[in-house]
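Structure first, commentary second.
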Amino acid sequence: KSKHLILHEDTKKALRMIEKKSVSQKKFMQYNLFANKKLLLHGISGCGKTLAAEKLAIALNLKLLKISYFEKESIQKLKTILEFCKKQQMVVLFEKYHLQPNSILLTLLEKYSYNGIIVVTTTQKTIEAALFNSFDEIIKILLPTKTEIKELFSMTLLTTNIEENLQSEDWEYITSKLVGYSAASIIKVVEHAIKLSLVKQQNLDMECINEAIMRRKLSTLENALKIW
């Protein structure tokens, strides 16, 4: 589904700046400077952290290697991965890490140099000040604005060729209800609303959308209670 996720405009600007710095590496070296090699992307689940790493790899014409969080893996295995990474010019994505100062991953990252870019993603709400020295850049992946919500909603509808009966005033209501949702959650709302309309054998309308939004809210609440 990441193919039609969208990123907040501020996130796009931050990524474009990283791209410009990366392609300016030779110029930087003349002044004993280096392009940003270690990035931390943080934000709630489904906000587009992985998508941001994918877009960065595409923009720089580099391969993307994804490494999911593995708390119980050995230090030696992590060293083996980093040894491989330092010999390759690629974007290496460490996904869903819970970061603490002096953690094994951060300690090892400090010891290696890279031809490509290391990206670490986390869902931590707050980033400890001590972590800022461990990364060249820290980017918060922001949630979609009302305009971006409408764009994402419309793009998801286009992929299904579903007919809808939405008026201009409906869009203000829909986007207001979905403010604060991640891009992934918005897509799930749209898809659920479409399924409801198909089951009811009718065009997509506000009744289906409202029901889908309510279902998503309940799912979010249920998950929060499980965590609690």
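Heavy-atom basis, side chains included; hydrogens, waters and symmetry copies ignored.
Contact annotation: the side chain of Lys140 approaches that of His42 to within less than 4.5 Å [non-hydrogen atoms, C-beta and beyond]. Counting only heavy atoms from C-beta outward, the side chains of Val23 and Leu60 approach each other to under 4.5 Å. Thr175 has its side chain out of reach of Val179: every pair of non-hydrogen atoms, C-beta onward, lies at least 4.5 Å apart. Looking at Val119 and Leu40, their side chains never come closer than 4.5 Å, going by heavy atoms from C-beta outward. Annotation: side chain of Ile117 is in contact with side chain of Ser22 (closest heavy-atom distance under 4.5 Å). Proximity of Thr123 to Lys96: side-chain heavy atoms (C-beta onward) are nowhere separated by under 4.5 Å. Side-chain contact between Met206 and Tyr173 is present, with heavy atoms from C-beta onward closer than 4.5 Å. In this structure the side chain of Leu142 never reaches within 4.5 angstrom of the side chain of Glu9, judged on heavy atoms.
In summary, Glu95 and Lys49 do not engage in a salt bridge, as defined by a charged side-chain N under 4.0 Å from a carboxylate O. Note on Glu191 versus Arg216: no salt bridge recorded, every NZ/NE/NH1/NH2 to OD/OE distance being 4.0 Å or above. Salt-bridge check for Glu19 with Lys55: failed, with every basic side-chain N at 4.0 Å or more from each acidic carboxylate O. The residues Glu211 and Lys200 are annotated as salt-bridged, a charged nitrogen and a carboxylate oxygen being separated by less than 4.0 angstrom.
A donor-acceptor pair shorter than 3.5 Å cannot be found between the side chains of Asn203 and Glu164. Counting only N and O atoms by type, the side chains of Asn210 and Glu207 include no donor and acceptor under 3.5 Å apart. Glu148 and Thr145 are linked by a side-chain donor-acceptor pair at a separation below 3.5 angstrom, with hydrogens and angles left out of the test.
With rounding to the nearest 0.5 Å, the separation of OG1 in Thr147 from NE2 in His8 is 9.5 Å. The CG atom of Leu78 lies 9.5 Å from the CD atom of Gln76; values are rounded to the nearest 0.5 Å. The distance from atom CD1 of Ile127 to atom CG of Leu99, rounded to the nearest 0.5 Å, is 7.0 Å. Leu106 CG to Phe94 CZ: the interatomic distance, rounded to the nearest 0.5 Å, is 10.5 Å. We find the CD1-NZ distance between Ile174 and Lys150 to be 9.5 Å, quoted to the nearest 0.5 Å. Here CG of Leu204 is found 4.5 Å from CD1 of Ile209. Values are rounded to the nearest 0.5 Å.
Put simply, the side chain of Asn36 never gets that close to the backbone of Leu39: no donor and acceptor are under 3.5 Å apart. Listed for the Ser185 side chain is no donor-acceptor partner under 3.5 Å among the backbone atoms of Tyr181. Under the 3.5 Å distance criterion, the side-chain polar atoms of Ser154 are left unmatched by any main-chain donor or acceptor of Glu151. No donor-acceptor distance shorter than 3.5 angstrom exists from the side chain of Ser24 to the backbone of Lys27, with no hydrogens or angles considered. Although no hydrogens or angles enter the test, the distance criterion places a donor-acceptor pair under 3.5 Å between the side chain of Thr107 and the main chain of Ser103. No donor-acceptor pair under 3.5 Å is formed between the side chain of Thr11 and the backbone N or O of Leu7.
When the side chains of ILVMFWY residues are joined at heavy-atom separations under 4.5 Å, either directly or via intervening members, Leu108 and Val120 end up in a single hydrophobic cluster. When hydrophobic clusters are built by joining Ile, Leu, Val, Met, Phe, Trp and Tyr residues whose side-chain heavy atoms come closer than 4.5 Å, directly or via intermediates, Phe132 is grouped together with Phe135. Note on Tyr31 and Phe28: same hydrophobic cluster, where clusters join Ile, Leu, Val, Met, Phe, Trp and Tyr whose side-chain heavy atoms are under 4.5 Å apart, directly or indirectly. Note: the hydrophobic cluster containing Ile118 does not contain Met17 (ILVMFWY, side chain heavy atoms under 4.5 Å, direct or indirect links). Residues Leu62 and Leu64 fall within the same hydrophobic cluster, defined by Ile, Leu, Val, Met, Phe, Trp and Tyr side chains chained together at heavy-atom separations under 4.5 Å.
In terms of heavy-atom proximity, Leu196 sits nearest to Ala212 at CD1-N, 4.2 Å. Heavy atoms only, all atoms of each residue included: Lys37 and Asp136 are closest at N-OD2, 2.7 Å. Smallest separation of non-hydrogen atoms from Ala52 and Leu41: CB-CD1, 3.9 Å. The two residues Ile139 and Glu137 come nearest to each other via the heavy atoms CG1-CG, 4.0 Å. In plain terms, the two heavy atoms of Ser197 and Ile162 that are nearest each other are OG-CD1, 3.9 Å. Minimum heavy-atom separation, Ile67 to Tyr97: O-CE1, 4.1 Å.
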Would Val91 and Leu65 satisfy side-chain contact (heavy atoms from CB on, under 4.5 Å), going step by step from the backbone distance to the final call?
CA-CA 6 Å; Val91 174; Leu65 174 63; over 6 Å; no

For Leu56 and Ile18, run side-chain contact (heavy atoms from CB on, under 4.5 Å): C-alpha distance rounded to whole Å, both residues' side-chain angles, the deciding distance at 0.1 Å, then the answer.
CA-CA 8 Å; Leu56 183 62; Ile18 291 170; 3.9 Å; yes

Before giving the answer on side chain to side chain donor-acceptor pair (under 3.5 Å), spell out for Glu54 and Thr50 the whole-Å C-alpha distance, their side-chain angles and the decisive distance to 0.1 Å.
CA-CA 6 Å; Glu54 290 172 350; Thr50 299; 6.0 Å; no

Taking it one step at a time, do Gln202 and Cys208 satisfy side-chain contact (heavy atoms from CB on, under 4.5 Å)?
CA-CA 10 Å; Gln202 64 186 46; Cys208 295; 3.4 Å; yes

Please step through side-chain contact (heavy atoms from CB on, under 4.5 Å) for the pair Leu157 and Ile194, ending with a clear verdict.
CA-CA 8 Å; Leu157 287 178; Ile194 291 170; 3.8 Å; yes

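The side-chain contact (heavy atoms from CB on, under 4.5 Å) test with Leu178 singles out one residue from Val190, Leu143, Leu152, Ile186, and that residue is Ile186.
Counting non-hydrogen atoms of neighbouring residues, nucleotides and ligands closer than 6.0 angstrom, the NZ atom of Lys38 exceeds 12 such neighbours. By the 6.0 Å contact criterion, NZ on Lys63 is open, its count of non-hydrogen atoms from other residues, nucleotides or ligands being 12 or less. More than 12 heavy atoms of other residues, nucleotides or ligands shown are found within 6.0 angstrom of NZ on Lys146. Counting non-hydrogen atoms of neighbouring residues, nucleotides and ligands closer than 6.0 angstrom, the CG atom of Leu198 exceeds 12 such neighbours.
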